[in-house]
Amino acid sequence: MVSVGSASKVFWGGLRVGWIRAHAQVIAHLARARQSADIATAVLDQLAVTELLARRAEVLPARRRLLRERRDLLVDGLRAALPWEVPVPAGGLFCWVDLGRPVAQAFAAAAAAEGARVAAGPLFTPDGAGAGSHVRLTFTRSPAELADAVPRLVRAWHRVSSGRPGASGRLGA
């Protein structure tokens with residue numbers, strides 16, 4: 001059995017330190033393979049993760065509460081404004097939203113034109129197939145940014161569902 005973890009999902013997205021738990025032979029094989037791929041993770045980042053892991057009982061409840069509040073803000077906003085299937089994720093940092101038809105790529109482009117970044121579902125499949133009706137939306141942004149994103153996504157959805165071509169706009173939000 002192999003399990004993988006990451007500090008970027010638990011503590012902070014910019015903290016790019018992960019770990020693998022597995023049988024010693026598997027770890028030895030992975031360590032040899034990694035040597036040819038990169039040098040090492042930054043020592044300061046590893047020390048920060050060591051400190052955070054030691055304090056996880058203190059740090060994680062507030063982090064979970066913050067993410068739960070932001071998740072609920074986004075899910076509630078999307079459900080109120082759009083005809084999509086928006087499940088409430090039990091964990092993680094993203095909502096996996098079903099648009100109801102295979103327009104994820106077009107919707108991502110229309111969202112970009114409205115200043116919102118959306119990841120189309122096919123980006124998360126091995127061959128780019130399937131998931132064409134799904135998008136991944138993060139809820140890690142501030143409450144103000146999430147509230148601002150919903151009307152942008154509504155405008156993008158209207159572009160796609162009405163068949164109007166996307167206009168250029170600023171990227172961000």
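This is a predicted model, so every value here is computed, not measured. Both backbone and side-chain heavy atoms feed into the values below; hydrogens, waters and symmetry mates do not.
- Residue-environment remark: CZ (R21) stays at or below the threshold of 12 foreign heavy atoms within 6.0 Å.
- A single hydrophobic cluster is seen to contain both V103 and V97, as judged by linkage of ILVMFWY side chains at heavy-atom distances under 4.5 Å, directly or through other members.
- Between L99 and W157 the shortest side-chain heavy-atom distance falls below 4.5 Å.
- Linking ILVMFWY residues whenever their side-chain heavy atoms come closer than 4.5 Å, directly or via other members, places L137 and V154 in the same cluster.
- A donor-acceptor distance shorter than 3.5 angstrom exists from the side chain of R70 to the backbone of T140, with no hydrogens or angles considered.
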Task: Stepwise side-chain contact (heavy atoms from CB on, under 4.5 Å) check, I20 with S3 - done: CA-CA 6 Å; I20 300 173; S3 68; over 6 Å; no
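- Under the 4.5 Å side-chain criterion, counting only non-hydrogen atoms from C-beta, L53 is in contact with R56.
- Using a 4.5 Å heavy-atom cutoff, the side chains of W19 and V4 are not in contact.
- The cluster map of Ile, Leu, Val, Met, Phe, Trp and Tyr, joined by side-chain heavy atoms under 4.5 Å apart, puts V75 and F107 in the same cluster.
- One hydrophobic cluster holds both W12 and V59 under the rule that ILVMFWY side chains link at heavy-atom gaps under 4.5 Å.
- Inter-residue side-chain proximity for D72 and E69 is flagged as unmet; no heavy-atom pair is nearer than 4.5 Å.
- The CD1 atom of I27 sits 11.5 Å away from the CZ atom of R34 when rounded to the nearest 0.5 Å.
- In this structure, R141 and L146 approach most closely via the heavy-atom pair O-CD1, 3.6 Å.
- The main-chain N or O of F139 is never found under 3.5 Å from a side-chain atom of R71 such that the two would form a donor-acceptor pair.
- R152 has a carboxylate O that lies under 4.0 Å from a charged side-chain N of D148, or vice versa, which qualifies the two as a salt bridge.
- Using a 4.5 Å cut-off on side-chain heavy atoms (C-beta onward), S161 and R101 make contact.
- Below 30°, between 30° and 60°, or above 60°: for H134 and W96 the angle between ring planes is below 30°, a parallel geometry.
- Proximity of L82 to V150: side-chain heavy atoms (C-beta onward) are nowhere separated by under 4.5 Å.
- From L78, atom CG reaches atom CG of L73 across 9.0 Å, with rounding to the nearest 0.5 Å.
- Under a 3.5 Å cut-off, the side chain of R16 and the backbone N or O of S8 do not form any donor-acceptor pair.
- Between V17 and the options L47, T50, V49, L52, a side chain to side chain contact (heavy atoms under 4.5 Å, CB included) holds for only V49.
- Between V86 and D98, every side-chain heavy-atom pair lies at or beyond the 4.5 Å cut-off.
- Rounding to the nearest 0.5 Å gives a distance of 12.0 Å between SG of C95 and CD of E85.
- Cluster membership for V160 and W84, using ILVMFWY side-chain heavy atoms within less than 4.5 angstrom, is shared.
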Task: R159/E114 under side-chain contact (heavy atoms from CB on, under 4.5 Å): CA gap, chis, key distance, verdict - done: CA-CA 10 Å; R159 286 173 183 248; E114 292 294 338; 2.7 Å; yes
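- Considering only heavy atoms from C-beta on, F11 comes within 4.5 Å of L60 through its side chain.
- E145 places a side-chain N or O within donor-acceptor distance of the main-chain N or O of S142, the cut-off being under 3.5 Å.
- In terms of heavy-atom proximity, A131 sits nearest to T125 at CB-CG2, 3.9 Å.
- Relative to the six-membered ring of F94, R136 meets both conditions, a distance below 6.0 Å and an angle of at most 45° to the axis.
- Scanning all heavy atoms of the two residues, the minimum distance from A104 to G121 falls at CB-N, 4.0 Å.
- Closest approach of G132 and P122 over heavy atoms only: CA-CG, 3.9 Å.
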